[in-house]
Amino acid sequence: MTGDDHTGEPTSPHTVLLTRPSSSATKLVGPLLAGALMAVALGIYGRVHAPTGFAVGPAGFSGPLAMKAWLTTGAFLLAFVQVGSALVMYGRLPVPRPPAWIGGLHRWSGRAAFLLTIPVAFHCLYALGLQYDVARVLVHSLLGCFFYGVFVAKMLALPRRGLPGWGLPMLGGLAFTALVGLWLTSSLWFFTAIGVRL
């Protein structure tokens with residue numbers, strides 16, 4: 001069945017189908033704005049807060065840098081579990097029948113990765129603040145703010161219906177990329193410059 005658009009020209013069902021993706025993409029606007037606000041708020045806090053030079057973290061590490069390096073490494077490894085399980089769930093890996101537990105693995109590996117980043121972020125923001133004097137530290141600081149912004153956007157987008165098919169994979173990919181960047185600018189630097197130690 002065809003109709004007329006506002007120009008008076010007939011429209012076809014194909015025209016209607018071509019307009020739907022843009023309307024579904026608008027459902028990402030709210031989560032993206034909230035994520036951007038989170039990233040900016042963390043950056044502002046990290047910049048205006050006077051660094052204390054110390055923060056409380058999990059026991060068992062030789063110091064705060066070692067704690068940050070190992071917890072970030074744990075989150076980094078779990079991020080690969082996230083990507084692998086997402087590829088299985090989306091049918092992008094040649095798995096004939098995805099196991100029933102793959103969804104649980106994806107959810108719990110994501111939760112565990114996020115929880116591992118909390119003491120790291122707390123130490124970075126509270127004890128050190130957002131720093132601009134060293135390029136590596138600047139990139140690390142910006143990636144940290146970006147990671148939490150993307151995480152907020154993804155969590156707010158998850159329960160929404162009618163999202164574009166690329167929405168959640170894009171947000172997940174951005175979170176993964178940010179976490180890899182955080183690991184490269186912190187843990188890898190620590191292990192190569194200071195050494196592998198607890």
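Counting begins at 1 with the first residue of the sequence. On a predicted model such as this, the values are computed, not experimentally measured, just so you know.
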So CZ of F76 and CG of L184: to nearest 0.5 Å the spacing works out to 6.5 Å
State plainly whether one hydrophobic cluster holds both F146 and Y45, where clusters connect Ile, Leu, Val, Met, Phe, Trp and Tyr through side-chain heavy atoms under 4.5 angstrom apart. yes
Closest non-hydrogen contact found for P31 with L156 is CB-CB, 3.9 Å
Can you list the residues that meet the side chain to side chain contact (heavy atoms under 4.5 Å, CB included) rule with T73, with sequence neighbours excluded? L77, W183, S187, F191
Is there a path from W108 to L158 through hydrophobic residues (I, L, V, M, F, W, Y) whose side chains come within less than 4.5 Å of each other? no
Which residues satisfy the side chain to side chain contact (heavy atoms under 4.5 Å, CB included) test with A75, sequence neighbours excluded? A113, L116, T117, L179
So which atom in I102 and which in M89 form the shortest heavy-atom distance, rounded to 0.1 Å? CG2-CG, 3.7 Å
L188 side, atom CG; L182 side, atom CG - distance, nearest 0.5 Å: 12.5 Å
Nearest heavy-atom contact between A175 and F147 is O-CD1, 3.7 Å
Heavy-atom closest pair, residues A39 and C145: CB-O, 3.3 Å
Measure across A157 and L168 and return the closest heavy-atom pair with its distance rounded to 0.1 Å. CB-CD2, 4.1 Å
The side chain to side chain donor-acceptor pair (under 3.5 Å) partners of S85 (sequence neighbours excluded) come to H106
Go through the structure and list residues passing side chain to side chain contact (heavy atoms under 4.5 Å, CB included) with I118, not counting sequence neighbours. F114, Y148
For I44, side chain to side chain contact (heavy atoms under 4.5 Å, CB included) partners two or more places apart: V40, V48
Test item: L32 and L171 side chains (from C-beta on) under 4.5 Å apart, heavy atoms: yes
Could you give all pairs that pass the side-chain hydrogen bond (donor to acceptor under 3.5 Å, both in side chains) test and reach residues 134-147, with sequence neighbours left out? H140-T185
Single-linkage hydrophobic cluster L174~L33, side-chain heavy atoms < 4.5 angstrom: no
Parallel, tilted or perpendicular, as decided by the 30° and 60° cut-offs, for the rings of F122 and Y126: parallel
Specify the closest pair of heavy atoms between L125 and G46, including all atoms of both residues, with the distance to one decimal. CD2-CA, 3.7 Å
As an exercise, state the distance from CD of Q82 to CG of L105, rounded to the nearest 0.5 Å. 8.0 Å
Under a 4.5 Å side-chain heavy-atom rule over Ile, Leu, Val, Met, Phe, Trp and Tyr, are F151 and V29 clustered together? no
Heavy atoms, side chains only, cut-off 4.5 Å: are P119 and M67 in contact? yes
With a 4.5 Å heavy-atom cut-off, do W166 and L28 have their side chains touching? yes
Would you indicate whether R111, at its atom CZ, is surrounded by more than 12 heavy atoms from other residues, nucleotides or ligands within a distance under 6.0 Å? yes
Interatomic spacing from CG in L71 to CG in L115 - rounded to 0.5 Å: 11.0 Å
